[in-house]
Amino acid sequence: MEKQGRKIIGVCGSRIFNQIPMSFINLLRKESIESDYYTIAFSSNTDMEEDFRTDVDDKDRDVSGESQLFDLVKYIDFSGLVILTETIKNPTLICRIVEIGKSKNIPVFSVDGTVGGCYNMVMDYHDGFEQIVRHVVVGHGCRKVDMIAGFKGHPLSEERIQAYKKVLQENGIPFDEGRLWYGDFWDRPTRAAMKKLLEAGKELPDAIVCANDAMAVTVCSELNARGIRVPEDIIVTGFDGTKDGKYHFPVLSTCEPDYEGAVNFIIKEIEKKMETGSISPCDSKIRFKLSNRQSCGCETIAMHEINTIVSSFGRDLGDCSWHNIAMNNMVSSVLEKKSVMDIAVKIPEYISMWSDNFRFACLNSDVVKLNKEAEKDNPERVTILWDYKGEFREPGETFNVSEFVPHLEEVIRKGGDIDTLVVRLLNSGRNVYGYTVEGFQDLDDRRLQRSNEFAMFLSFSIGTVLHNHQLAKLNENLSDAYNKIAKLYILDSMTGIYNRRGFFQKLNEMIGQKANIGNYLYLFSIDMDGLKHINDTYGHGEGDFAIISLSKAITRLFGENAVCSRFGGDEFNCVVILGQKDFYTAEGIAKELAVALDQTEGVREKPYPVTASIGLICEKITEDLDIENMLSAADKRMYTNKVARKKERRE
């Protein structure tokens, strides 16, 4: 892709719609505009990417999965390349991006990570945390200062603890081990730590300094629930400067990274390279700057722009609802289709309401032709969407991948109001279908999240159509193909146990047998605890691991004679038929399931618990047995169990 007058800065990261990477990209975008740059950001959707092969030349390198996203970098004439190293995590993948930058002879910047051959821009967490602790101790004269740290032994947590100890020592305050607590960087452990702090029987602290904003928000909530005022009774501070802290009441005093200075450094070094032709990688620390707001008392308590904030949330919530409805309708409309180009015809019907910028999507030629051999020597892509503010081009245009986006120069010239492009793969795991490119003038949470939603729904639609095609081919085979389809029909693809359909099919067979009339049917409703937290904190790969582990424990617990099923998400239902009543109890099964989970491979090593809530109902099998009522009753008991267990944990 040729440069179109304006210079380009590339950004490579994972899940850039998260607050911290988006804050950096937004500042980069704003500062770049003044120097006549525009930004292209590549957003991977995982931090668990597979390694590249290292035993082959570059031209023969086997690139699969989401790593193909960053391979697009080599087709664009960048002036500089930024890697959000901490978000990607995979060293082999990071090195691959650096190799591409070196081959293009452009400066490569590693943000929040040290990588050979790069301008390394490391976060100065130690100095930043010193600043906020020093502000509390020196600026506000606090002597009794507690700290809520992250994970015990975690480098980022330990670094902030050392900064805390250093400031105390400088000011003649002895370090008290009893004033150090661990909140593991998130809500639930922080609440547990606060419970211990408030019930320890000691004199309350003057201030509580937290290792991140999320824990500080939780601390404020717990203090407020006990009638303790912030900052009048206890000062609370955060660290990292997230939007949650800015929207909190009182607004959090925190310390946030000076991304503006980091961006200025990047642009200055790119300009230096363009002037001199030479690249001289060096290290540069990203400093932190104090934001002294309401929770430390530096700013008068006031509801800043509350109407604007609430209205914004309302608009975003409404947009999220309508967009997801539209995307669901798009998926529904292609459920019976067998050609991916049928999707291209449908897309404008469902996204026209959101055509306020530039949207593009293309597919690999092998996906369009349904021929897996086509892609090996064929770099062609086929457009399925090209939309600029409601002007839709006809889909089906073929282009070489080196062109990146056909006719992009028209968009850049046509008003010049697009200054940021976000690129995402269309894929399902390692099955890569193509990619999307969305252009923005204003990059905010909702716009970026909507772009992410569109890519996910479109990927699912493509996967559905390809699946339809595969099923159609299977139906042409002999009886062995039929058996395979039948299995796919009744089994859950992730866990291998029955799905909802298979559950009812097998259960109806069992209760229809005359030999089972008069026996007792035990129905268990089992729901995993905390799946959303696992997904949000550790990634969906860990969420899948937890679901699979629970399914293994359930099937091992109930044995081959039971009907075990996954109804969807983290919901499981199991049925056992016995000749006697009161053989099982919910309490007994809960204990046995906990043991089975603990013995499941890999569970003990995880930083999160895998637990479940259980509801049990038992009925005698008769001709008028109502399974739906039993399911409903078991669900209610399960939810009662879940609420009770949550209450126990809080107490």
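- Between the side chain of Thr600 and the backbone N or O of Val603 there is no donor-acceptor pair closer than 3.5 Å.
- Tyr119 places a side-chain heavy atom less than 4.5 Å from the side chain of Ile279.
- Side chain to side chain, Thr218 and Asp187 meet the donor-acceptor criterion of an N or O pair below 3.5 Å.
- For the pair Gly241 and Glu256, the tightest heavy-atom approach, listed with the atom from each and the gap, is CA-CB, 3.7 Å.
- Checking Glu31 against Tyr259 by side-chain atom types alone, no donor-acceptor pair falls below 3.5 Å.
- Inter-residue side-chain proximity for Leu204 and Asp233 is flagged as unmet; no heavy-atom pair is nearer than 4.5 Å.
- Going from atom NZ of Lys165 over to atom CD1 of Ile173 covers 14.5 Å, rounded to the nearest 0.5 Å.
- One finds no salt bridge joining Asp36 and Lys7 here, because no Lys/Arg side-chain nitrogen approaches an Asp/Glu carboxylate oxygen to under 4.0 Å.
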Exercise. Could you go step by step and tell me if Met22 and Ile16 meet the side chain to side chain contact (heavy atoms under 4.5 Å, CB included) rule?
Worked result: CA-CA 5 Å; Met22 195 183 76; Ile16 65 168; 5.9 Å; no

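- With 3.5 Å as the limit, one finds no donor-acceptor pair spanning the side chains of Ser253 and Asn292.
- A salt bridge links Arg287 to Asp124: one of the charged nitrogens lies within less than 4.0 Å of a carboxylate oxygen.
- With respect to Glu542 and Lys606, a salt bridge is recorded, a charged nitrogen being found less than 4.0 Å from a carboxylate O.
- No side-chain N or O of Asn120 forms a donor-acceptor pair with one of Ser284 less than 3.5 Å apart.
- We find that Asp146 and Lys202 are not joined by a salt bridge, their nearest charged nitrogen and carboxylate oxygen being 4.0 Å or further apart.
- Glu299 contributes no side-chain N or O that, together with a main-chain N or O of Arg293, makes up a donor-acceptor pair within less than 3.5 Å.
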For this session: Test Leu84 against Val11 for side chain to side chain contact (heavy atoms under 4.5 Å, CB included), laying out the working first.
Result: CA-CA 7 Å; Leu84 303 180; Val11 181; 4.0 Å; yes

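- The shortest non-hydrogen separation linking Leu597 to Val610 is CD1-O, 3.3 Å.
- Within a 6.0 Å sphere centred on CD of Glu158, heavy atoms belonging to other residues, nucleotides or ligands number more than 12.
- A salt bridge between Lys102 and Glu99 is absent, with no side-chain N of the basic residue lying under 4.0 Å from a carboxylate O of the acidic one.
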For this session: Check step by step if ring-ring contact (aromatic ring centres under 6.0 Å, His included) holds for Tyr125 and Phe288.
Result: CA-CA 7 Å; Tyr125 293 112; Phe288 280 73; 5.6 Å; yes

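- For Arg645 against Ser613, the heavy-atom pair with the smallest separation is NH1-OG, 2.9 Å.
- Note: Tyr538 and Phe151 have tilted aromatic rings, judged against thresholds of 30 and 60 degrees for the angle between ring planes.
- The heavy-atom pair separating Gly238 from Ala216 by the smallest distance is CA-CB, 3.7 Å.
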Exercise. Under the side chain to side chain donor-acceptor pair (under 3.5 Å) criterion, do Tyr37 and Glu271 qualify, and how do the steps go?
Worked result: CA-CA 11 Å; Tyr37 289 89; Glu271 295 285 346; 2.8 Å; yes

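- In this structure, Arg160 contributes its side chain and Ala211 its backbone to a donor-acceptor pair below 3.5 Å.
- Between Lys196 and Glu199, none of the side-chain N atoms (NZ, or NE/NH1/NH2) sits under 4.0 Å from a carboxylate O, so this pair counts as no salt bridge.
- Of all heavy-atom pairs between Ala546 and Met528, the closest is O-CE, 3.1 Å.
- When side chains are defined from C-beta on, Cys220 does not count as touching Phe249, because their heavy atoms never get closer than 4.5 Å.
- In this structure, a donor-acceptor pair under 3.5 Å is absent between the side chains of Arg15 and Ser43.
- For the atom pair SG of Cys12 and CD1 of Ile97, the computed distance is 4.5 Å after rounding to the nearest 0.5 Å.
- Proximity of a side-chain donor or acceptor of Asp176 to a complementary backbone N or O of Gly178 within less than 3.5 Å is detected.
- For the atom pair CD1 of Ile234 and CG of Leu223, the computed distance is 5.0 Å after rounding to the nearest 0.5 Å.
- Side-chain N or O atoms of Ser221 include none that pairs as donor or acceptor with a backbone N or O of Val217 at under 3.5 Å.
- Salt bridge Arg96/Asp71: present, at least one basic N to carboxylate O contact under 4.0 Å.
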Problem set entry | Steps toward side chain to side chain contact (heavy atoms under 4.5 Å, CB included) verdict (Asp112, Ile286) | CA-CA 8 Å; Asp112 203 11; Ile286 298 178; 6.0 Å; no

For this session: Before giving the answer on salt bridge (charged side-chain N to carboxylate O under 4.0 Å, His left out), spell out for Glu130 and Lys166 the whole-Å C-alpha distance, their side-chain angles and the decisive distance to 0.1 Å.
Result: CA-CA 8 Å; Glu130 272 191 36; Lys166 179 183 176 184; 3.1 Å; yes

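- Counting heavy atoms from C-beta on, the side chains of Asn264 and Lys268 never come closer than 4.5 Å.
- With a 4.5 Å cut-off on side-chain heavy atoms, Val145 and Val137 count as touching.
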Exercise. For Phe185 and Cys210, what are the C-alpha separation, side-chain angles and deciding distance, and is it a side chain to side chain contact (heavy atoms under 4.5 Å, CB included)?
Worked result: CA-CA 9 Å; Phe185 290 123; Cys210 304; over 6 Å; no

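- Around the NZ atom of Lys273, the shell of radius 6.0 Å holds more than 12 heavy atoms that belong to other residues, nucleotides or ligands.
- With hydrogens and angles ignored, the 3.5 Å screen pairs no side-chain donor or acceptor of Ser157 with any backbone N or O of His154.
- For the atom pair CG of Leu197 and CZ of Arg226, the computed distance is 9.5 Å after rounding to the nearest 0.5 Å.
- Side-chain contact between Ser32 and Tyr38: absent, with no pair of heavy atoms (C-beta onward) separated by less than 4.5 Å.
- Between Arg134 and Glu170, at least one side-chain N (NZ, or NE/NH1/NH2) sits under 4.0 Å from a carboxylate O, which counts as a salt bridge.
- Salt-bridge check for Asp206 with Arg143: failed, with every basic side-chain N at 4.0 Å or more from each acidic carboxylate O.
- Remark: side-chain polar atoms of Thr190 are paired, donor with acceptor, to backbone N or O of Gly183 under 3.5 angstrom.
- Contact of the Ile132 side chain with the Phe129 side chain is registered, since non-hydrogen atoms from C-beta on lie closer than 4.5 Å.
- With salt bridges taken as basic N to acidic carboxylate O contacts below 4.0 Å, one links Arg446 and Glu453.
- In this model, a donor atom of one side chain and an acceptor atom of the other lie less than 3.5 Å apart for Asp213 and Thr254.
- If you take NZ on Lys144 and CD on Glu203, they are separated by 4.0 Å, rounding to the nearest 0.5 Å.
- Note that the CD1 atom of Ile100 and the CG atom of Leu81 stand 8.0 Å from one another [nearest 0.5 Å].
- Without hydrogens or angle criteria, Asp184 side chain to Trp186 main chain gives no donor-acceptor distance under 3.5 Å.
- No donor-acceptor pair closer than 3.5 Å links the side chain of Lys243 to the backbone N or O of Ser23.
- Gly128 and Cys255 make their closest contact through O-SG, 3.3 Å (heavy atoms, listed as atom of the first residue, atom of the second, distance).
- At a threshold of 4.5 Å between non-hydrogen side-chain atoms, the residues Ile208 and Ile148 count as touching.
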